[in-house]
Amino acid sequence: MPLPTWPDKDLPDAVRNRRGLSRRGVLRGAGGVGAGFAAGAVTAPAPAAAGGDDCPDLIYLTGDHHVHSQYSHDAKYRPSDLARRGAQFGLDWMVFTEHSNIGHADADGAGREREQILLARRENPRLLIFQGLEWYIPGAEHATVFTAPGADEAAVLREFEKAYDGKLLNRTDSTSANEAHAVAAIRWLAEQRRTGRVPDVLVLANHPSRLGIDSPHELRAWRDADPAIMIGMEGAPGAQGAAIPGLRGPASVRGEYENRPGPQSWPGYPPEAYVTYGGFDWMTATVGGLWDALLSEGRLFTITSNSDNHRTIRDTTRNGDFPPGHTFDTDGHLPDPVETGTPQPGSDFWPGQFSRTHVGVTRYGYREVMAGLRAGRVWVDHGHLVDAVEVRLDGGHARATLGGRVRVRRGRRLTLTVTITSAGRPNMHGDLPRLAHLDVIRGRTGPAADDRDRFVAPHTRVEHTVDTRRRSGTYTVRIDLGPARDSGYVRLRGSDGRRNGPGLRGRSVDPHGPLAHPPGQGDPWEDTWLYTNPIFIDVH
């Protein structure tokens, strides 16, 4: 499969992605996977100032935690193909997340795939390639599970799927026993980390609203089982090309969110929960919705974005034929793709082509990426909307960046500083993206509600909007948040400004939020957004 090039491949470096070039220069100086950054490129966190400093100097590494290869029964490509694509589109890290099923488990798909991942790591020494699993959560949807590299990475994943996968164990119904088994699974993973069998392990809920079967109380139970392991959810699903006009049909929706409530769906979810908004899941896209309800308890819950790549839009390859007597269940993987010369069905973009998760790290490496995800130093974007986002919240002697918290006295003035580096080159659609507005979303925090199924944060709203349409290059926006009155959090959201309107909880809460598109009319390149994780404010 030949690799397409960027539309602007002949442009001089001066007009290319400035942030991307500088980051890649640092990584080239690091001397290869697992090495530290070049001397002086990134410093360790500064000593804590009086009042607290949760704002280390960071480099943001771009990645995708949800990618399927031919070791999933419904995907297509070789791990080496996907790694090359990820590197082509600017990724620094990626995770292979194969589906659990009989073939993958019984034919040792995890063990066989590990050999291919080791090969891909050798072929792409600057790309951090994790091995993972897409877990069928007992009684619920799917989740990414992945470990840091180690001798037992594939063995642990295989043991996990055999002992805890809802599909393999026929534990898909929404029962209390199955929900308890999911909690036990997260605790088992935590034990593998505690004993050092794997250097690290993380879990993220995938496409949480797609079927309506991830109830609010389940999300809270998974988080509470071990918040260092179960760290968050996809803020936006993959399959972002699903509703490109004329591609899949008139009923298609971005993310393949094309479902209605079913027998296992949690009955409290409204009908609007089953579609995406600006390509983002209802839980994330609703200001004052379920994500904010979780954050309003004063605890971090990270969001991500990814490709969920199975079959890329307009790709002209298909899987070859199995030899006689062979199937996925016997081999644990599909045959290599072969060229057909004709576009084949698909909903996905290549890893890094459209959806990106940016993770702030202080050193380059596998465990450093996982530590950045765990700390919540994360922002996400679609369509390469901007090249970089740097956020700092100052409260006198206390300051913090994404995922952190500032502790301030009541009445202390708070200042939010946001530095944006606008897109320096066209994206893969041929557009030079421009950020049109930046929204500051603010909520209060307090004790967790007694109602474990609460999915509304009534005090969260868009508090400030900054018009950025005439800004380009690298620029800084400073927003006076006023004196600290209540403990809470702030998070950011922005878009290209081409498609927005009153949010799901009304204009007074969100005057220009993302919208659901008409079925079959969801061109993702015409409606791109970015979101950041929160910064918490503890007032005393």
Side-chain angles (χ1 to χ4, degrees), residues 208-210 212 214-216 219 233 235-237 253-255 257 260-261 265-298 301 303 380 382 416 435-446 448-449 451 453-469 479 481-482 485-519 521-522 526-535 537:
S209 293
R210 184 180 64 167
D214 287 2
S215 65
L219 287 165
M233 64 184 180
V253 176
R254 279 174 74 175
Y257 272 43
R260 295 292 182 269
S265 301
W266 185 65
Y269 285 140
E272 57 265 25
Y274 290 83
V275 298
T276 52
Y277 298 82
F280 278 73
D281 188 285
W282 167 84
M283 295 184 184
T284 296
T286 306
V287 173
L290 181 47
W291 185 35
D292 285 314
L294 294 168
L295 298 179
S296 71
E297 297 171 5
F301 204 65
I303 61 163
V380 304
H382 282 166
L416 188 67
L435 183 69
H437 65 92
L438 191 67
D439 301 322
V440 179
I441 299 168
R442 193 167 180 180
R444 296 182 195 171
T445 56
D451 180 4
D453 279 321
R454 181 173 64 94
F455 61 86
V456 173
H459 302 295
T460 302
R461 64 193 65 251
V462 175
E463 195 168 89
H464 300 275
T465 295
V466 180
D467 188 333
T468 58
R469 286 173 294 182
I479 302 163
L481 299 183
R485 300 298 183 196
D486 301 295
S487 293
Y489 62 91
V490 293
R491 60 181 181 88
L492 300 174
R493 182 191 68 187
S495 86
D496 60 18
R498 287 185 280 189
R499 196 166 191 280
N500 57 72
L504 289 170
R505 300 195 62 244
R507 184 181 297 274
S508 63
V509 171
D510 185 5
H512 44 255
L515 302 175
H517 62 75
Q521 299 295 317
E526 300 296 325
D527 185 21
T528 58
W529 294 75
L530 71 80
Y531 286 73
T532 76
N533 256 349
I535 303 173
I537 306 161

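Starting from 1, each residue takes its place in the sequence as its number.
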### Task
Look only at the side chain of His382 and the backbone of Ala236, and say whether a donor-acceptor pair between them is shorter than 3.5 Å.
no
### CZ/Arg498: more than 12 non-hydrogen atoms of other groups inside 6.0 Å
yes
### Message
To the closest 0.5 Å, what do you measure between CG (Asp292) and OG1 (Thr445)?
### Response
12.0 Å
### Task
For the residue pair Trp529 and His437, categorise the inter-ring angle as parallel (less than 30°), tilted (30 to 60°) or perpendicular (more than 60°).
perpendicular
### Query
For the residue pair Tyr269 and Trp282, is the inter-centroid distance of their aromatic rings smaller than 6.0 Å?
yes
### Query
How many angstroms lie between CG in Asp527 and NE2 in His517, if you round to the nearest 0.5 Å?
8.5 Å
### Message
Measuring from atom CG of Asp496 to atom CG of Leu435, what distance do you get when rounded to the nearest 0.5 angstrom?
### Response
8.5 Å
### Message
If you compare all heavy atoms of Met233 against all heavy atoms of Pro208, which two are closest, and at what distance to 0.1 Å?
### Response
SD-CG, 4.0 Å
### Task
State, to 0.1 Å, how close Pro216 and Leu290 come at their nearest heavy-atom pair, and which atoms those are.
CB-CD1, 4.1 Å
### Query
Do side-chain atoms of Ser495 reach the backbone of Gly497 as a donor and acceptor pair under 3.5 angstrom?
yes
### Query
Hey, what do you get for CZ (Arg454) to CG (Leu294), rounding to the nearest 0.5 Å?
8.5 Å
### Query
Does any non-hydrogen side-chain atom of Ile479 lie less than 4.5 Å from one of Glu463?
no
### Message
Does any part of the side chain of Trp291, heavy atoms only, come nearer than 4.5 Å to the side chain of Pro534, both counted from C-beta?
### Response
yes
### Message
By the definition side chain to side chain donor-acceptor pair (under 3.5 Å), identify the one residue from Asp214, Asp281, Thr284 that meets it with Ser209.
### Response
Asp281
### Derivation and outcome, side chain to side chain contact (heavy atoms under 4.5 Å, CB included), residues Tyr277 and Thr286
CA-CA 9 Å; Tyr277 298 82; Thr286 306; 5.6 Å; no
### Query
Among Val440, Val490, Leu492, whose side-chain contact (heavy atoms from CB on, under 4.5 Å) with His464 holds?
Val440
### Query
If we ignore angles and hydrogens, is there a donor and acceptor under 3.5 Å between the side chains of Thr460 and Tyr489?
yes
### Summary
Distance col, row Phe455:CZ vs Trp266:CH2, nearest 0.5 angstrom, shows 5.0 Å
### Task
Provide the closest heavy-atom pair for Pro237 versus Tyr257 in the form atom of the first, atom of the second, distance.
CG-CE1, 3.5 Å
### Task
Find out whether His459 and Asp486 are in side-chain contact, i.e. whether some heavy atom of one side chain is under 4.5 Å from a heavy atom of the other.
no
### Message
Going by salt bridge (Lys or Arg N to Asp or Glu O under 4.0 Å), name the pairs with one or both residues in residues 502-513, residues two or more places apart or in two chains.
### Response
Arg493-Asp510
### Message
How long is the straight-line distance from CG of Asp467 back to CG of Leu438, given to the nearest 0.5 Å?
### Response
10.5 Å
### Query
Does Thr276 have any side chain to side chain donor-acceptor pair (under 3.5 Å) partners at least two apart in sequence or in another chain, and if so, which?
none
### Task
Could you walk me through whether Val287 and Arg491 pass side chain to side chain contact (heavy atoms under 4.5 Å, CB included), step by step?
CA-CA 11 Å; Val287 173; Arg491 60 181 181 88; 4.3 Å; yes
